Amino acid sequence: MARKTTSFCFLIVMLLTICSISAEAQTTHRDSVITYARYLKSIFRTDEAIDTLATLVQPEAMDEGVLSELADCHFQNGANDNAAGTYFILSSLSPNNILYKIRLMQAFYRLKAYSQSIKAGQAALQLDSIPAVLSYVGDGFKQINQPDSALWYYRRALAFKPMNEAVLSKAMGILLDKKEYDEVVSIAEPFLAEDPDNMTIAPLKGIALYRKSAYEPAIEVFQHQEDIGNDSYPVHFFLGQCYWHTQMKYRAEQELMAAWAIDSSDVNLAYTIASVKSEFFYPFDSDVKPWLDKVWEMVKPDPSLMSRYHQLYGLGYYRKQDSWDKAIEHYKEAYRYNPKQISNIATIAYCYHIKKDYKQAVVWYEKFLKVATPGTKSYNFAKENLDYIKGELFMEEQQ
C-alpha cells in the first residue's frame, strides 16, 4: 500500500514539473516573439511585426502585453481603425492606463471621429491634466464647430504652458473670429514680452489692433515684423491697409503691391489697390481701370454655371404659363452666357409666340433656323410655327 502511494505521489510531482516546464516554455516563446516583433517594428517592418504578434493573439484569453504591442504597431502603421479598436479593448482591460486613453484619443482624431476623440481625451484628463491632451481636446471641439469649448480647453492648456505658441495662436484665432479684439491683444502681451520678434503671435496681435481701428499701434507691430524679415502676405496686406487708413497712401501702395506679388488671388486686395490709385488721382485708363478689370475678372461667374442657372429660372416661369416676360428674360441670359445652347433660342421664340408678340417671335424663330440642323424635330417645329406666324402677320396687314 505504501509503495502505491509513493508511486502516485511521484506521478503527481512529475506532472506538475512537466506543466511547470511547459508554462515556462510558453512564457519564453511569448517573450521571444514579442522581442522579435519589437525588432521588426524598430526597422519599420511594421506589417511583419503585426503578423508575428497575431500568432500570440487568443480571443478567449486577452494578453495585455501582446495587445499593447499590436496596438502600437497599428498606430505607427497608420491603421487607425485597428489601432482605435485595440486601444479601446486595452482601455477596458486597464482603465487607469493613461497611455491607452491618449492613443485612443489620437486614433479617433485621425479618423475624424472628433466626438469620440474628445471623450477619450476627457477620460485621460480625469487621470492627469496633461497640456498636450488639453490642446488635443480643444482641437476636437474646434473641428466640430464648438469654438467656446475649444477655447476653454486651450485656456487650460495655456495655464500650464503659457509659452505654447501653437495653442496660443489657436486661441487667438477663435477670439478674432468672435471679434474679441481686446482679449486677443491681452493674451498676446505676456508671450510677446518674452518673445517680441515672434512671427506668429505678433501678426495676430496686429490684426486685432487693425480690426479695432487702432491703426498706429498696428503699424508698429507690422512694421517691426517687416523690419526683422517677415515678408509674409498678411504683414504686407495689413500694413498697407493701416497706411491707407492713416492717409499714408504712397506707403500703402508699396505694401499692397508687395502683398499682390506674393498672392494675386485676393479680389479685395485688387479692389483696394484700385481704390488707393484712384485716391492718388492716378490716370484712370492706365492705372485705375486695369485693377478694376482684374476685380471684374476675378468675380465674374462661370458662364456655364450661369447659363444653367438662368435656364432653370426660365423653365420655372415657363411652366407657370403666365410669366412669359420673365421666362424670356432668363432664357436670353442663359443664351448670352452659352450661345452654343441653341435650344434657348427656340424657347425664346416660342414664348414670344405664345404671348402673341409675333414680330419678335419671327426674329427669334429665324435666328434659330439659321443655326439648327434641317430635318430635326426642333427645326421642323420652329419652321411650322414661323410659317403660321407669318401667315397671321400677313392677314393682319390685309385688314
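Just so you know, these numbers come straight off a predicted model, no measurement behind them.
For D63 (side chain) and G65 (main-chain N/O), a donor-acceptor pair under 3.5 Å exists by modelled atom type. Checked by atom type and distance alone, the side chain of S275 pairs as donor or acceptor with a backbone atom of Y271 at under 3.5 Å. Formation of a donor-acceptor pair under 3.5 Å by the R319 side chain with backbone atoms of G314 is not found in this model. Side-chain atoms of T246 come within 3.5 Å of backbone N or O of C242 as a donor-acceptor pair. With hydrogens and angles disregarded, a donor-acceptor distance shorter than 3.5 Å links the side chain of S32 to the backbone of T28. Remark: side-chain polar atoms of T376 are paired, donor with acceptor, to backbone N or O of Y379 under 3.5 angstrom. Judged purely by atom type and a 3.5 angstrom limit, S94 has no side-chain atom pairing as donor or acceptor with the backbone of S91. In terms of modelled atom types and a separation under 3.5 Å, the side chain of T52 and the main chain of E48 share a donor-acceptor contact.
No side-chain donor-acceptor contact under 3.5 Å links H74 and N80. No side-chain N or O of N344 forms a donor-acceptor pair with one of H310 less than 3.5 Å apart. Residues D139 and Y154 have side chains that bring a donor and an acceptor to within less than 3.5 angstrom of each other. With no hydrogens or angles considered, a side-chain donor-acceptor pair links Q223 and D227 at under 3.5 Å. Counting only N and O atoms by type, the side chains of Y365 and H353 include a donor and acceptor under 3.5 Å apart. T46 and Q76 are not linked by any side-chain donor-acceptor pair at a separation below 3.5 angstrom, with hydrogens and angles left out of the test.
Applying the salt bridge (Lys or Arg N to Asp or Glu O under 4.0 Å) rule to pairs touching residues 257-279 yields K249-E279, E253-K277, sequence neighbours excluded.
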Original post:
Could you go step by step and tell me if H224 and D197 meet the side-chain hydrogen bond (donor to acceptor under 3.5 Å, both in side chains) rule?
Top reply: CA-CA 8 Å; H224 178 69; D197 295 341; 2.7 Å; yes
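Heavy-atom contacts from other residues, nucleotides or ligands closer than 6.0 Å to CZ of F280 number more than 12. A 6.0 Å sphere centred on OH of Y350 holds no more than 12 heavy atoms belonging to other residues, nucleotides or ligands. Other residues, nucleotides and ligands place more than 12 heavy atoms under 6.0 Å from the OH atom of Y233.
In this structure, W260 has its ring center under 6.0 Å from that of W291. Checked against the 6.0 Å centroid criterion, the rings of Y331 and Y335 do not qualify as a close aromatic pair. Aromatic pair Y109/Y136: centroids less than 6.0 angstrom apart.
In this view, D293 and K289 satisfy the salt bridge (charged side-chain N to carboxylate O under 4.0 Å, His left out) rule, not counting sequence neighbours. When the side chain to side chain contact (heavy atoms under 4.5 Å, CB included) test is applied to L99, the partners found at least two apart in sequence or on another chain are N97, R103. Under the rule for a side chain to side chain contact (heavy atoms under 4.5 Å, CB included), the partners of S343 that lie at least two apart in sequence or sit in another chain are Q311, Q341. Partners of D51 under the salt bridge (charged side-chain N to carboxylate O under 4.0 Å, His left out) rule, at least two apart in sequence or in another chain, do not exist in this structure.
Salt-bridge formation is detected for the pair R155/E183: a Lys NZ or Arg NE/NH1/NH2 atom is positioned less than 4.0 Å from an Asp or Glu carboxylate oxygen.
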Validation: residues 184-196 side-chain donor-acceptor distances under 3.5 Å, sequence neighbours left out:
unit_1 : atom_1 : unit_2 : atom_2 : d
E189   : OE2    : K205   : NZ     : 2.9
D195   : OD2    : N198   : ND2    : 3.1

